[in-house]
Structures are given as structure tokens and as C-alpha cells.
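Read the structure below first, then the notes.
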Amino acid sequence: MATELTFIMIKPDGVQRGLIGDIISRFEKKGFFLKAMKLIQVERSFAEKHYSDLSTKPFFGALVEYIISGPVVAMVWQGKGVVATGRKIIGATNPAQSEPGTIRGDFCIEVSRNVIHGSDAVESAQKEIALWFPDGVTEWRSSVHPWIYEN
Ligand SMILES: Nc1ncnc2c1ncn2[C@@H]1O[C@H](COP(=O)(O)OP(=O)(O)OP(=O)(O)O)[C@@H](O)[C@H]1O
């Protein structure tokens, strides 16, 4: 059974622009399973912690302002290869380079308003899931699992 997990966050622009349903639908239709989800407006200190790896970047202050500017949808998705495939579904960081058919390729223009975050590695996914969902995620098995996964 596929146990890989990734952390996905719909950023404030994605929430404000009504893209939540479309984004969730893309992950569901691919064959990934939702394990946790909440709509939450985070504190500055929490956003700084989430993006601590980028604290020396010139855009760090603007990035934190953007993330705390409204509610975000934080989610955990499960499935075979969900970290790498999730990044492909999302598309390149800069929407100018994101392929059509990806979330960023279809829905946004600016790197500073790029709608969605996805973990970049299994290890960072584990760290981000622990930060955003300290009480853990919901264990359940979809009844359609055998129609998507051979084992
Ligand atoms: N040059 C930039 N100017 C403004 N914002 C930027 C710039 N580069 C990155 N960002 C913002 O910081 C976020 C994190 O940058 P990172 O390089 O980790 O990209 P990413 O891993 O594709 O994005 P994310 O972590 O949000 O999935 C980007 O998604 C974007 O919102």
C-alpha cells in the first residue's frame, strides 16, 4: 500500500479566487487520497517557521506578508509518489515557466501570487506535516483504492 504523504497548501490568493474545489479535484482525480485538511489564517511567526529555509532570501518579508494576508487551506495527501507527482501537478515555481495543464500554468501569472505550495521532498513533507498537523492525520482507506493501485 502507498504510504507516502505530502503537504499541500492553497495560498490566500487561491482561497480568495475560488480555486479550492478545482485544486482538490485535480489531486482526487489523479488517484491521491486526502488525509487531513483545514482552513486557517496563520500568525506571522508560524509563516516564518514554515518558510524558515528561505529566511535569507530578499523576498522573504513579502512572502510572509502574502501567506498571512488571508486564510489558507492546509492539506495532507497520500499516494504512490505523491511528493514528486504533486510538484508536477502544481507546476514550476514561477508561473511564467509553468506548463499549461499544471495548477500554476493554468491559474496564475506572478511568482509572488502562485496559488499553491507543495512539499519538495519526502523529508520536508514530514517536517511540514508535523508543523501544520501536530495531532496527526486521519487514517482511512478509500474503497476505490484497488481500482487505482495494483497493490
Ligand atoms: N523571486 C521571488 N519573488 C517573490 N516571491 C518568490 C520568489 N521566489 C519564490 N517566491 C515565493 O516563495 C515561495 C517559496 O519559494 P521556493 O523557492 O521554495 O519555491 P517552491 O518550492 O516552488 O514554492 P512552494 O514552497 O511555495 O511550493 C514560492 O512559491 C513563491 O510564492
Side-chain angles (χ1 to χ4, degrees), residues 2-139 142 148:
T3 54
E4 188 172 304
L5 299 174
T6 194
F7 174 70
I8 300 290
M9 171 182 49
I10 304 175
K11 296 177 178 177
D13 49 336
V15 174
Q16 296 284 353
R17 293 176 55 204
L19 302 177
I20 297 170
D22 191 299
I23 289 171
I24 289 177
S25 188
R26 290 178 185 221
F27 281 85
E28 281 186 323
K29 286 178 188 160
K30 173 67 177 169
F32 295 133
F33 301 114
L34 185 61
K35 295 285 155 145
M37 177 165 72
K38 62 185 174 187
L39 179 91
I40 179 178
Q41 186 153 4
V42 299
E43 303 278 342
R44 180 179 302 276
S45 58
F46 187 92
E48 287 172 351
K49 200 165 179 189
H50 171 78
Y51 278 121
S52 57
D53 289 355
L54 301 176
S55 61
T56 59
K57 300 280 185 192
F59 57 83
F60 181 70
L63 174 59
V64 169
E65 290 296 337
Y66 165 44
I67 295 303
I68 67 173
S69 66
V72 301
V73 174
M75 297 177 281
V76 177
W77 287 88
Q78 182 180 52
K80 190 174 182 182
V82 69
V83 172
T85 303
R87 296 275 291 187
K88 284 188 194 155
I89 290 170
I90 288 171
T93 303
N94 187 340
Q97 269 100 53
S98 313
E99 296 293 332
T102 66
I103 291 168
R104 287 171 176 158
D106 289 350
F107 294 144
C108 53
I109 303 288
E110 303 253 33
V111 70
S112 55
R113 297 287 182 273
N114 65 355
V115 169
I116 185 166
H117 160 82
S119 306
D120 61 6
V122 170
E123 298 71 39
S124 46
Q126 287 166 353
K127 261 175 62 182
E128 290 170 1
I129 292 166
L131 176 67
W132 286 81
F133 294 97
D135 296 333
V137 304
T138 302
E139 292 302 335
S142 166
I148 300 169

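Indexing begins at 1, ligand by ligand and atom by atom, following the structure's order.
Close N/O approach between Gly118 and ligand 1 is found [any backbone or side-chain N/O within under 3.5 Å].
Looking only at heavy atoms of the protein, atom 20 (P) of ligand 1 is closest to Thr93 OG1, 3.4 Å. Ranking the protein heavy atoms by distance from atom 28 (C) of ligand 1 puts Asn114 ND2, 3.6 Å first. Here the protein heavy atom with the shortest distance to atom 21 (O) of ligand 1 is Arg87 NH1, 2.9 Å. For atom 1 (N) of ligand 1, the closest heavy atom belonging to the protein is Phe59 CD2, 3.7 Å. Remark: minimum distance from atom 16 (P) of ligand 1 to any protein heavy atom is reached at Leu54 CD1, 4.2 Å. The protein heavy-atom contact nearest to atom 30 (C) of ligand 1 is Val111 O, 3.2 Å. With hydrogens left out, the protein atom closest to atom 25 (O) of ligand 1 is His117 ND1, 2.8 Å, a heavy atom.
At a threshold of 4.0 Å, the pair Arg17-Asp22 does not count as salt-bridged, since none of the basic side-chain nitrogens sits closer than that to a carboxylate oxygen.
Using modelled atom types, no side-chain atom of Thr102 and backbone atom of Ile89 make a donor-acceptor pair closer than 3.5 Å.
Both tests do not hold together for Lys11 against Tyr66: distance to the six-membered ring centre under 6.0 Å, angle to the ring axis within 45°.
Atom 23 (O) of ligand 1 is flagged as protein-proximal [any protein heavy atom, distance under 4.0 Å].
Judged by the shortest distance from any of its heavy atoms, Arg113 lies outside the 4.0 Å radius around the atoms of ligand 1.
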